[in-house]
2 protein chains.
Amino acid sequence: MSKVFRAIADPTRRRVLEILRSGPMSAGELSAQFEFAKPTMSAHFAVLKEADLVEAHKDGKQVIYQLKLSVLEDALLGFARVFQLGQAVGSQPSNEDEEETRL
Amino acid sequence: MSKVFRAIADPTRRRVLEILRSGPMSAGELSAQFEFAKPTMSAHFAVLKEADLVEAHKDGKQVIYQLKLSVLEDALLGFARVFQLGQAVGSQPSNEDEEETRL
DNA sequence: TCTATAATTAGCTAAATGACTAAATGATGT
DNA sequence: ACATCATTTAGTCATTTAGCTAATTATAGA
């Protein structure tokens, strides 16, 4: 959970995720959308992968990154539920105060 | 937005927020719930305040911290909307793809 | 096999983070 | 005025972060 929030705390990484919303894309194509050096972007991809927010698979010499929406959803809605935020609260089975949901 | 996510990326700060869910509390009482030194906790409070997630007001010699749920809500739901996550998406007036919601 | 391309790893720097102790500030009560 | 209590500020340290360039790995194609 910390990893997910840490990952999306960076605006560059949020933009990467948003780009991936429209479908999988190679590391090179992704990097081309930014002014940073490619190794810098590669490091950002690694952080996103570490947080399990994206999936990578090789296709020839390219590496294709794909958004894992479900992980983002789980983290955000899970957190939101603890704080009883939004109508989303009721839309998911909730542990309520049963034990003290792990943060 | 970055500040909010950066703030909640730390488990100690998430726990502070969760404690404040049940109502305002003084810096000292809050600190007592953790093993860290008080100045360390004070720094965490400062980060939360900087992210506008809590409000502080003095009461005698104590400083009372209070959760600002609405800011948390705006950040999380705003972000979730961009990714069309959860049922919460439809529950808020949305800019859709009108312009490219600022991340 | 050689060359070119895609991406990551290695190694560096500057700045930010999260912890600590000691000192300073501010408010109350004697 | 003084002592005490609550909190923050100052200063230090180790670690992490985010950027860079140069070097490496891995694949494809000639």
Side-chain angles (χ1 to χ4, degrees), chain A residues 1-20 23-68 75 79 102-103, chain B residues 1-20 22-68 75 102-103:
Chain A
M1 182 144 210
S2 286
K3 279 180 182 174
V4 170
F5 286 124
R6 221 209 106 252
I8 63 180
D10 184 282
T12 299
R13 288 192 290 261
R14 283 202 301 276
R15 222 177 105 208
V16 170
L17 293 179
E18 209 212 347
I19 290 170
L20 288 179
M25 191 176 289
S26 76
E29 272 184 297
L30 271 173
S31 297
Q33 318 258 341
F34 298 82
E35 308 239 284
F36 298 119
K38 278 188 279 191
T40 298
M41 293 309 298
S42 191
H44 280 305
F45 303 152
V47 171
L48 291 171
K49 203 164 65 177
E50 177 67 24
D52 201 32
L53 288 171
V54 301
E55 228 171 21
H57 76 269
K58 278 202 92 163
D59 177 24
K61 42 179 127 175
Q62 322 200 77
V63 173
I64 309 295
Y65 285 102
Q66 174 158 13
L67 183 56
K68 291 181 74 171
F79 183 79
R102 170 57 54 239
L103 296 182
Chain B
M1 181 144 207
S2 287
K3 278 180 182 173
V4 170
F5 285 124
R6 220 208 107 253
I8 64 180
D10 184 281
T12 299
R13 288 191 290 261
R14 282 202 302 277
R15 222 177 105 208
V16 169
L17 293 179
E18 209 212 347
I19 290 169
L20 289 178
S22 55
M25 191 175 289
S26 75
E29 271 184 298
L30 272 173
S31 298
Q33 318 259 340
F34 298 81
E35 308 237 285
F36 298 117
K38 278 187 278 193
T40 299
M41 293 309 297
S42 190
H44 280 305
F45 303 152
V47 171
L48 291 171
K49 202 164 64 178
E50 177 67 23
D52 201 31
L53 288 171
V54 301
E55 228 171 21
H57 75 271
K58 277 203 92 162
D59 177 24
K61 43 178 127 174
Q62 323 200 79
V63 173
I64 308 296
Y65 284 102
Q66 174 159 12
L67 184 56
K68 291 182 74 172
R102 169 59 52 242
L103 296 181

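Lettering follows sequence order; numbering is per chain, from 1.
- Counting only residues at least two apart or in different chains, salt bridge (charged side-chain N to carboxylate O under 4.0 Å, His left out) contacts with residues 24-34 of chain A are absent.
- Taken from CD in A/Gln33 to CD1 in A/Ile19, the straight-line distance is 4.5 Å, to the nearest 0.5 Å.
- Nucleotides of DNA chain C that come within less than 4.0 Å of any heavy atom of chain A span, from the 5' end to the 3' end, C/dT5 to C/dT9.
- Of all heavy-atom pairs spanning A/Ala75 and A/Met1, the tightest one is O-CE, 3.5 Å.
- Between the OG atom of A/Ser31 and the NE2 atom of A/His44 there is a distance of 10.0 Å, given to the nearest 0.5 Å.
- Base contact: A/Ala37 has a heavy atom under 4.0 Å from a base atom.
- A donor-acceptor contact shorter than 3.5 Å is absent between the side chain of A/Arg15 and the backbone of A/Phe34.
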Only pairs under 3.5 Å count here: list side-chain donor-acceptor contacts from residues 36-43 of chain B, not counting sequence neighbours, and write none if there are none.
none

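- Applying the 4.0 Å criterion to OP1 and OP2 of D/dT17, one finds that A/Arg6 has a side-chain N or O inside that range.
- A/Arg13 places its CZ atom 12 Å from the C1' atom of D/dT16, with the value rounded to the nearest Å.
- Within residues 39-49 of chain A, the residues having any heavy atom under 4.0 Å from DNA chain D are, by residue number, A/Pro39, A/Thr40, A/His44.
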Compile the donor-acceptor pairs under 3.5 Å between side chains in residues 47-58 of chain B and protein atoms, sequence neighbours left out, one pair per line.
from	atom 1	to	atom 2	distance (Å)
B/Glu50	OE2	B/Lys3	NZ	2.6
B/Asp52	OD1	B/Lys68	NZ	2.8
B/Asp52	OD2	B/Lys68	NZ	3.4

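- Residue contacts shown for B/Ser26 are limited to sugar-phosphate atoms, with no base heavy atom under 4.0 Å away.
- Annotation: proximity of residues 53-67 of chain B to DNA chain D (heavy atom, distance under 4.0 Å) is found for B/Lys61, B/Gln62, B/Val63, B/Tyr65, numbered in ascending order.
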Report, one line per pair, each donor and acceptor closer than 3.5 Å where one atom sits in a side chain of residues 5-12 of chain A; sequence neighbours left out.
from	atom 1	to	atom 2	distance (Å)
A/Asp10	OD1	A/Thr12	N	2.8
A/Asp10	OD1	A/Arg13	N	3.1

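- Residues satisfying the side-chain contact (heavy atoms from CB on, under 4.5 Å) criterion with A/Ala27, sequence neighbours excluded, are A/Phe45, A/Tyr65.
- Helical stems in DNA chain C, defined as runs of 3 or more consecutive Watson-Crick or G-U wobble pairs with both donor-acceptor distances under 3.5 Å, are listed by first residue as C:1-30 with D:1-30.
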